[in-house]
Amino acid sequence: MRTVITLKMKKNRSLPVKFLHDDNRFPENLVELFLKEYTKQGDRIIDIFAGFGTTLFVAEEMSRVPFGIELEKDRFEYVKNQLTNKAILYNNNSINLDKLNLPMMDFAFSSPTYMTEFEQENPLTGFTEKGTYHDYLNFIQAIYTKLKSIMRKGSYIIIEVSNLKNDDKLTTLAWDIGKKIAEILAFQGEIIINWETPEEEKTNGSYGYGYDHSYCLVFRKIE
Ligand SMILES: C[S@@+](CC[C@H](N)C(=O)[O-])C[C@H]1O[C@@H](n2cnc3c(N)ncnc32)[C@H](O)[C@@H]1O
């Protein structure tokens, strides 16, 4: 796979109006690209930050078997109602994934909710708990440690993430998450996605967060 790929930032599914203010989905073309490269029909795919369901919908269209976990109830219900019976989605915090009796997975693809160094609430608790950036990174590592236990040996785990730049304040989120997860899974390298966004739709860069690109960090469960 090339290490720099240009994709259109174009989401094909419409979202209900009540969600539009918080449309932090990645587009379907990103999921298609990685499912083609890393998976085959019938494989079990998991997104532990399922959001508005992009990974699950694309996986279903490509005859993979999707699993997902989403913290927010209204998002969970929106996605759940559009999936077929084979797909499995939980309304839970991924930190509990070891209690969900999930089968072994062939591939994981997710983008977590982002946090800057300057915030004081951990988004991975649904913004219900105080927490520093350091706590957030430890929380992500704890979730991925649990995820590792349900990943097939040799399988790939991909995290889509960006650094965050705003008013000259910069958080090296992608690199910090990369380092934290590399302590538990074998880091295989990054793929840079160069996002093409129509001029009128750009907000703070083609991707957002001050950037025109994001990273897909590729990890593998070796042992
Ligand atoms: C960036 S969004 C994912 C969007 C998704 N990729 C899509 O295309 O729709 C991250 C999602 O993770 C959810 N989330 C955050 N912390 C979580 C946790 N600890 N467990 C499960 N879901 C969580 C958020 O509610 C949010 O919907």
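For ligands, and for the atoms within them, numbers begin at 1 and follow the listed sequence.
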Nearest protein heavy atom to atom 4 (C) of ligand 1, by residue and atom, and its distance? N24 O, 3.7 Å
Look at atom 20 (N) of ligand 1 and say which protein heavy atom is nearest, naming residue and atom and giving the distance to 0.1 Å. S94 N, 2.9 Å
Polar contact flag for L71 and ligand 1 (N/O pairs, less than 3.5 Å): yes
In terms of side-chain geometry, is the basic nitrogen of D106 or R152 positioned less than 4.0 Å from the acidic oxygen of its partner? yes
Tell me the protein heavy atom at minimum distance from atom 5 (C) of ligand 1, and give that distance in Å. A50 O, 3.6 Å
Pair T125, N122: side-chain N/O donor-acceptor within cut-off below 3.5 Å: no
Parallel, tilted or perpendicular: which describes the rings of Y133 and Y136, with under 30° parallel and over 60° perpendicular? parallel
Donor on one side chain, acceptor on other, E117 and T171, under 3.5 Å: no
Looking just at side-chain N and O atoms, do T54 and R25 make a donor-acceptor pair shorter than 3.5 Å? no
Could you give the side-chain donor-acceptor pairs of residues 177-187 under 3.5 Å, partners two or more places apart or in another chain?
unit_1 : atom_1 : unit_2 : atom_2 : d
K180   : NZ     : N138   : OD1    : 3.0
E183   : OE1    : Q141   : NE2    : 2.7

Do the two ring centres, one from F107 and one from Y156, sit under 6.0 Å apart? no
Proximal atoms of ligand 1 relative to G53 (non-hydrogen, under 4.0 Å): 9 (O)
Please confirm whether the backbone N or O of F76 pairs with a side-chain atom of E70, one donor and one acceptor, at under 3.5 Å? no
Would you check whether V31 reaches within less than 4.0 Å of ligand 1, judged by its heavy atoms? no
Residue, atom name and distance, where the atom is the protein heavy atom closest to atom 18 (C) of ligand 1: N93 OD1, 3.6 Å
Give the atoms of ligand 1, by number and element, whose distance to some non-hydrogen atom of I48 is under 4.0 Å. 21 (C), 22 (N)
Of all protein heavy atoms, the one nearest atom 15 (C) of ligand 1 is T113 OG1, 3.3 Å
Going by distance only, is there an N or O of T54 that falls short of 3.5 Å from an N or O of ligand 1? yes
No-hydrogen, no-angle side-chain donor-acceptor test under 3.5 Å, N204 and Y211: no
protein heavy-atom neighbour closest to atom 12 (O) of ligand 1 works out as F49 CB, 3.4 Å
N/O to N/O below 3.5 Å, does that happen between E70 and ligand 1? yes
Pair R64, D43 - check salt bridge (charged side-chain N to carboxylate O under 4.0 Å, His left out), show working. CA-CA 5 Å; R64 277 62 168 167; D43 276 359; 5.9 Å; no
For the 3.5 Å polar cut-off, considering only N or O atoms, please tell me whether I95 and ligand 1 meet it. no
Checking heavy atoms under 4.0 Å, the part of N92 that sits near ligand 1 is backbone
Can you find an N or O of S111 that's nearer than 3.5 Å to an N or O of ligand 1? no
Kindly confirm or rule out an N or O of F26 lying under 3.5 angstrom from an N or O of ligand 1. yes
Is F52 in polar range of ligand 1, meaning some N or O pair under 3.5 Å apart? yes
Can you tell me if T55 has a non-hydrogen atom under 4.0 Å from ligand 1? no
Would D22 and R75 count as a salt bridge (charged side-chain N to carboxylate O under 4.0 Å, His left out) here? Give the steps. CA-CA 11 Å; D22 202 14; R75 294 182 188 194; 2.5 Å; yes
Quick check: R25 and ligand 1, any N/O pair under 3.5 Å apart? no
The option among E72, K73, E28, R75 carrying the non-hydrogen atom nearest to atom 26 (C) of ligand 1 is R75
Within the structure provided, determine whether Y144 and I48 are in side-chain contact (heavy-atom separation under 4.5 Å). yes
